[in-house]
K.L.:
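Before I ask anything, let me first share the structure, which is written out below as structure tokens.
We're numbering straight along the sequence, starting at 1. Values below: every heavy atom of this structure, side chains too, minus hydrogens, waters and symmetry copies. Start at 1 and go down the list; that is how both ligands and their atoms are numbered.
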Amino acid sequence: MEKRALTDRTALITGSTSGIGLGMARALASAGANIVLNGLGDRQEIDSLVQEMAAQYAVEVVYDGANMLAPDEITTMVEGAEKRFGAVDILVNNAGIQYVSPIEDFPGGRCQAIININLVSNFYTIKAALPAMKKQNWGRIINLASAHGLVASPYKSAYVAAKHGVVGLTKTVALEVAEQQITCNAICPGYVRTPLVEGQIEEQMKAHNMSREQVINDIFLVAQPSKRFVEVEELGQVALFLCSPAACSINGISLPVEGGWTAK
Ligand code: NAD
């Protein structure tokens, strides 16, 4: 088989049992990277996914169920990947949850969970993965922020705070690794049709007694000038670009992929 762009690289993608993370994992695997999947879900379904991906992309695929709320589990996951593959060459911090509520009704525990899963877990994965990247003088860190890392919407206080935090973390790490061949960038998607967004559509339909079409057009895509959802596959291609030699001088950016939302 012809050598693919990411042959001999290993990518660890948090929250890759679903949605954008799974799309990223598929894109990186299709370019030849070995894959460490992570995320919640039914163990049998995950085992089937591991086997299916390994066969489809002819790469090694393993799964680690580390909970992104647990720093020890995060560190152990990265160490396990390094033991097996030598290094985590490509780290995609993608795991995330959402909760929508006016701040005065927002449960404190939900806020803590959003901050810890969407932001603090990135701190621990990066902390654990960087030494091996530095040793080999190559690494790619891609953090899934959001258009909500650049601008706010009401009722998403914890999420917007976490995603602005991801943008800040990205810039800081970029500066710390700038002299090595390591880059740290954030991708800021607008609305992407994934299980996370599907859940929000259902919630909004109930909350406002609206049809699915009304919720999609009048609530979600109202902010997105393209008037279409971003596709998971588009984000996979963006990740591949950020891992390519052409992107070696792109460091510390927060790249909007949101149909023009933040241009307004
Ligand atoms: P999703 O719900 O489809 O997937 C989230 C993943 O995170 C799943 O694999 C889930 O198992 C995992 N996860 C959740 N809690 C976890 C925990 N405690 N430990 C380990 N894994 C955990 O969501 P998605 O839409 O694919 O979102 C992925 C990322 O992209 C998130 O960070 C989200 O904020 C961001 N994002 C999504 C959109 C969108 O429109 N879907 C837009 C902008 C940014």
Side-chain angles (χ1 to χ4, degrees), residues 12-27 35-43 45-46 49-50 63-74 76-78 91-100 109-110 112-122 124-125 142-153 156 158-167 169-170 186-204 215-216 219-221 223-224 226 228-236 238-239 254-259 261-262:
L12 185 157
I13 306 101
T14 69
S16 45
T17 49
S18 164
I20 294 169
L22 180 55
M24 296 263 172
R26 288 189 181 282
I35 299 295
V36 182
L37 292 175
N38 160 261
L40 311 177
D42 177 80
R43 190 59 208 242
E45 281 175 26
I46 293 170
L49 177 65
V50 166
Y63 167 72
D64 189 303
N67 189 333
M68 291 301 107
L69 288 168
D72 289 357
E73 292 183 28
I74 294 173
T76 305
M77 172 176 69
V78 173
L91 170 64
V92 182
N93 284 309
N94 165 83
I97 58 167
Q98 172 66 286
Y99 189 77
V100 180
R110 288 268 187 177
Q112 289 289 348
I114 289 175
I115 300 290
N116 286 336
I117 294 172
N118 295 25
L119 172 61
V120 179
S121 73
N122 299 8
Y124 284 109
T125 53
I142 299 172
N143 300 324
L144 261 294
S146 166
H148 283 121
L150 304 170
V151 294
S153 296
K156 295 186 175 175
Y159 187 84
V160 170
K163 293 302 188 181
H164 276 67
V166 170
V167 168
L169 177 68
T170 301
I187 299 176
C188 299
Y191 284 109
V192 189
R193 198 196 294 266
T194 65
L196 183 142
V197 165
E198 281 296 334
Q200 288 180 48
I201 293 173
E202 304 283 332
E203 277 171 27
Q204 297 290 323
V215 168
I216 290 175
I219 298 184
F220 283 86
L221 299 182
Q224 204 149 294
S226 57
R228 54 176 282 277
F229 283 105
V230 177
E231 300 297 337
V232 165
E233 292 73 18
E234 296 168 39
L235 296 172
V238 172
S254 296
L255 180 65
V257 185
E258 33 59 310
W261 177 343
T262 60

K.L.:
Check each atom of ligand 1 against the heavy atoms of Lys163 and keep those under 4.0 Å away; list them by number with element.
P.N.:
31 (C), 32 (O), 33 (C), 34 (O)

K.L.:
What protein heavy atom is closest to atom 19 (N) of ligand 1, reported as residue, atom name and distance in Å?
P.N.:
Met68 N, 2.9 Å

K.L.:
Short question: side chain of Tyr124, backbone of Asp72 - any donor-acceptor pair under 3.5 Å?
P.N.:
no

K.L.:
Keeping Thr262 on the side-chain end and Ala147 on the backbone end, is there a donor-acceptor pair under 3.5 Å?
P.N.:
no

K.L.:
Identify, by atom number and element, the atoms of ligand 1 in contact range of Tyr191, meaning under 4.0 Å from any of its heavy atoms.
P.N.:
40 (O)

K.L.:
Do me a favour and list the nearest non-hydrogen protein atom to atom 23 (O) of ligand 1 with residue, atom name and distance?
P.N.:
Leu196 CB, 3.3 Å

K.L.:
Compare every heavy atom of Ile201 with every heavy atom of Phe220, then report the nearest pair and how far apart it is.
P.N.:
CE1-CG1, 3.7 Å

K.L.:
Answer with yes or no whether Ser121 contacts ligand 1, where contact means a heavy atom under 4.0 Å from a ligand atom.
P.N.:
no

K.L.:
For the residue pair Ala145 and Val166, what are the closest heavy atoms and their distance?
P.N.:
CB-CG1, 3.9 Å

K.L.:
Spell out, as yes or no, whether a donor-acceptor pair under 3.5 Å connects the side chain of Glu73 to the backbone of Asn67.
P.N.:
yes

K.L.:
Hey, which atoms in ligand 1 end up nearer than 4.0 Å to a heavy atom of Pro195?
P.N.:
3 (O)

K.L.:
Name the closest protein heavy atom to atom 42 (C) of ligand 1, giving the residue it belongs to and the distance to 0.1 Å.
P.N.:
Gly190 O, 3.0 Å

K.L.:
Whether Arg193 and Glu231 form a salt bridge (side-chain N of Lys/Arg under 4.0 Å from carboxylate O of Asp/Glu) is what I want to check.
P.N.:
no

K.L.:
Examine ligand 1 and decide if any of its atoms is less than 4.0 Å from a heavy atom belonging to Glu258.
P.N.:
no

K.L.:
Heavy atom of Gly41 under 4.0 Å from ligand 1?
P.N.:
no

K.L.:
Any idea which protein heavy atom is nearest atom 18 (N) of ligand 1, and the distance to it?
P.N.:
Asn67 OD1, 2.9 Å

K.L.:
I'd like the name of whichever of Leu37, Asn143, Leu40 reaches closest to atom 22 (C) of ligand 1 through any heavy atom.
P.N.:
Leu40

K.L.:
For atom 5 (C) of ligand 1, find the nearest protein heavy atom and state the residue, atom name and distance (0.1 Å precision).
P.N.:
Gly96 O, 3.8 Å

K.L.:
Is there side-chain contact between Leu22 and Leu49, with at least one heavy-atom pair below 4.5 Å?
P.N.:
yes

K.L.:
What is the minimum heavy-atom distance between Ala25 and Ile35, and which atoms define it?
P.N.:
O-CD1, 3.6 Å

K.L.:
Need the ligand 1 atom indices (1-based, order shown) with element for anything under 4.0 Å from a heavy-atom of Ser16.
P.N.:
9 (O)

K.L.:
So for Tyr159, does at least one of its heavy atoms come nearer than 4.0 angstrom to any atom of ligand 1?
P.N.:
yes

K.L.:
Under 4.0 Å from a heavy atom of Val192: which atoms of ligand 1 are those, numbered in the order shown and with their elements?
P.N.:
39 (C), 40 (O), 41 (N)

K.L.:
Got Leu150 and Glu258 here, is their nearest side-chain heavy-atom distance under 4.5 Å?
P.N.:
no

K.L.:
Give the numbers and elements of all ligand 1 atoms closer than 4.0 Å to a heavy atom of Gly19.
P.N.:
3 (O), 26 (O)

K.L.:
Looking at Ile187 and Pro189, what are the two nearest heavy atoms and their distance?
P.N.:
O-CD, 3.2 Å

K.L.:
Please classify the Arg193 to ligand 1 contact at 4.0 Å (heavy-atom distances, strictly less than): side chain, backbone, both or neither.
P.N.:
neither

K.L.:
Measure the distances from the heavy atoms of Gly23 to every atom of ligand 1 and state whether one is below 4.0 angstrom.
P.N.:
no

K.L.:
So between Gly149, Ser18, Ala25, whose heavy atom ends up nearest atom 4 (O) of ligand 1?
P.N.:
Ser18

K.L.:
With atom 32 (O) of ligand 1 as the reference point, say which of Asn94, Ile97, Ile117 has the nearest heavy atom.
P.N.:
Asn94

K.L.:
Is the contact between Ala147 and ligand 1 made by the side chain, the backbone, both, or neither, using heavy atoms and a 4.0 Å cut-off?
P.N.:
neither

K.L.:
Of the protein's non-hydrogen atoms, which lies at the shortest distance from atom 9 (O) of ligand 1, and what is that distance?
P.N.:
Thr17 OG1, 2.8 Å

K.L.:
Among Ile46, Ile20, Thr194, whose heavy atom sits nearest atom 37 (C) of ligand 1?
P.N.:
Ile20

K.L.:
Which residue and non-hydrogen atom of the protein lie closest to atom 21 (N) of ligand 1, and at what distance in Å?
P.N.:
Gly39 CA, 3.6 Å

K.L.:
Strictly under 4.0 Å, does any heavy atom of Ala66 approach an atom of ligand 1?
P.N.:
yes

K.L.:
Of Ala70, Gly15, Gly65, which has the heavy atom at the shortest distance from atom 12 (C) of ligand 1?
P.N.:
Gly15

K.L.:
Identify the protein heavy atom lying closest to atom 43 (C) of ligand 1, giving its residue, its atom name and the separation to 0.1 Å.
P.N.:
Pro189 O, 3.4 Å

K.L.:
Which of these passes side chain to side chain contact (heavy atoms under 4.5 Å, CB included) with Thr14: Ile117, Val92, Asp64, Asn94?
P.N.:
Asn94

